[in-house]
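Below is one structure, written out as structure tokens; comments come after it.
Just so it is clear, the structure is predicted and the values come from calculations on it, not from any experiment. Start at 1 with the first residue, then count along the sequence. Order of appearance sets the numbers: ligands from 1, and atoms from 1 within every ligand.
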Amino acid sequence: MIFICMSGASGAIYGIKLLKFLRSRDIETALCISENAKKIIEIETPYSLEEVKKLSNYYYENDDLLSPFSSGSNLFDDAVIVPSSMKTIGSIANGIYSNLTNRVAHICLKEGRKLLLVPRETPLSLIDLKNLLIVKEAGATVLPASPGFYGHPKSIDDLVNFIVGKILDQLGIENNLLKRWNSERFVE
Ligand SMILES: Cc1cc2nc3c(=O)[nH]c(=O)nc-3n(C[C@H](O)[C@H](O)[C@H](O)COP(=O)(O)O)c2cc1C
């Protein structure tokens with residue numbers, strides 16, 4: 001079970017494509033979408049909120065602090081906050097566990113589970129940079145939504161797949177979504 005949180009940064013499509021991939025592999029997911037993320041899904045993508053919710057096995061509202069996963073006693077394996085707003089990262093870095101997204105992140109860090117954060121903001125303030133350092137030191141993996149261009153991407157889909165592939169790599173899930181650097185030089 002992978003817990004996916006979508007927060008209100010640009011790049012909702014990263015979360016949607018990750019959910020679609022995990023569904024295609026029958027990997028169970030729980031999903032939480034923040035209020036601003038809901039608006040951004042509508043602004044940036046052709047998907048409706050209901051379509052996105054249906055990509056997961058379990059859906060919880062961000063203010064649902066009574067959901068099963070607001071307690072560390074219910075087991076999920078890893079959590080990914082994608083995209084991750086700097087406000088959400090700031091809350092996690094500063095121990096503000098006022099919504100389900102922040103609480104799931106807190107559980108990962110205190111229980112030693114994998115937490116992947118996919119920030120999207122530019123430029124970054126000193127506060128953002130310090131918060132990123134804090135979450136990294138606390139045990140999270142910071143995977144900025146900054147696709148590489150060495151695979152000669154031809155479409156937005158290629159760019160999105162690069163990031164989703166990197167997330168899946170971190171989760172230990174086999175995928176061919178990204179063109180790997182010089183992979184043709186591998187010898188059998
Ligand atoms: C269209 C739109 C795009 C946004 N893009 C970003 C972004 O890329 N990165 C970011 O950190 N915040 C972005 N924000 C601001 C966050 O949505 C805002 O700080 C919000 O409070 C985040 O709350 P949440 O993390 O609980 O969703 C954006 C807001 C809007 C309306």
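In summary, E51 and K54 do not engage in a salt bridge, as defined by a charged side-chain N under 4.0 Å from a carboxylate O. Between K87 and E121 there is no salt bridge, since no side-chain nitrogen of the basic residue lies less than 4.0 Å from a carboxylate oxygen of the acidic one. The existence of a salt bridge linking K39 and E42 is excluded, since no basic side-chain nitrogen approaches an acidic carboxylate oxygen closer than 4.0 Å. Between K179 and D158, none of the side-chain N atoms (NZ, or NE/NH1/NH2) sits under 4.0 Å from a carboxylate O, so this pair counts as no salt bridge.
For atom 9 (N) of ligand 1, the closest heavy atom belonging to the protein is R120 O, 2.6 Å. Atom 3 (C) of ligand 1 has its closest protein heavy atom at I40 CD1, 3.6 Å. When only non-hydrogen protein atoms are considered, atom 5 (N) of ligand 1 lies nearest to S10 N, 3.2 Å. For atom 31 (C) of ligand 1, the closest non-hydrogen atom of the protein is N36 ND2, 4.2 Å. In terms of protein heavy-atom proximity, atom 19 (O) of ligand 1 is nearest to K87 CB, 3.9 Å.
Of the heavy atoms in S34, only side-chain atoms (C-beta onward) come closer than 4.0 Å to ligand 1. Contact annotation: for T101 versus ligand 1, there are no heavy atoms closer than 4.0 Å.
Residue-ligand proximity, T88 to ligand 1, at heavy-atom distances under 4.0 Å covers atoms 24 (P), 25 (O), 26 (O). Residue M86 has at least one heavy-atom neighbour below 4.0 Å for each of these atoms of ligand 1: 10 (C), 11 (O). Those atoms of ligand 1 that come under 4.0 Å of a heavy atom in E121, given as number and element, are 7 (C), 9 (N), 10 (C), 11 (O), 12 (N).
A donor atom on one side chain and an acceptor atom on the other are found under 3.5 Å apart for K20 and Y47. For the 3.5 Å distance criterion, the side chains of N99 and D63 fail to qualify, holding no donor opposite an acceptor.
Just one residue in the list V80, I173, T29 forms a side chain to side chain contact (heavy atoms under 4.5 Å, CB included) with L18, and that residue is V80.
Checking only distances, N99 never comes within under 3.5 Å of ligand 1, N or O to N or O.
In the hydrophobic clustering of this structure, F21 groups with I167; members are Ile, Leu, Val, Met, Phe, Trp, Tyr whose side-chain heavy atoms approach within less than 4.5 Å, directly or through other members.
Evaluated by nearest non-hydrogen atom to atom 15 (C) of ligand 1, the leading choice among A12, S91, G8 is G8.
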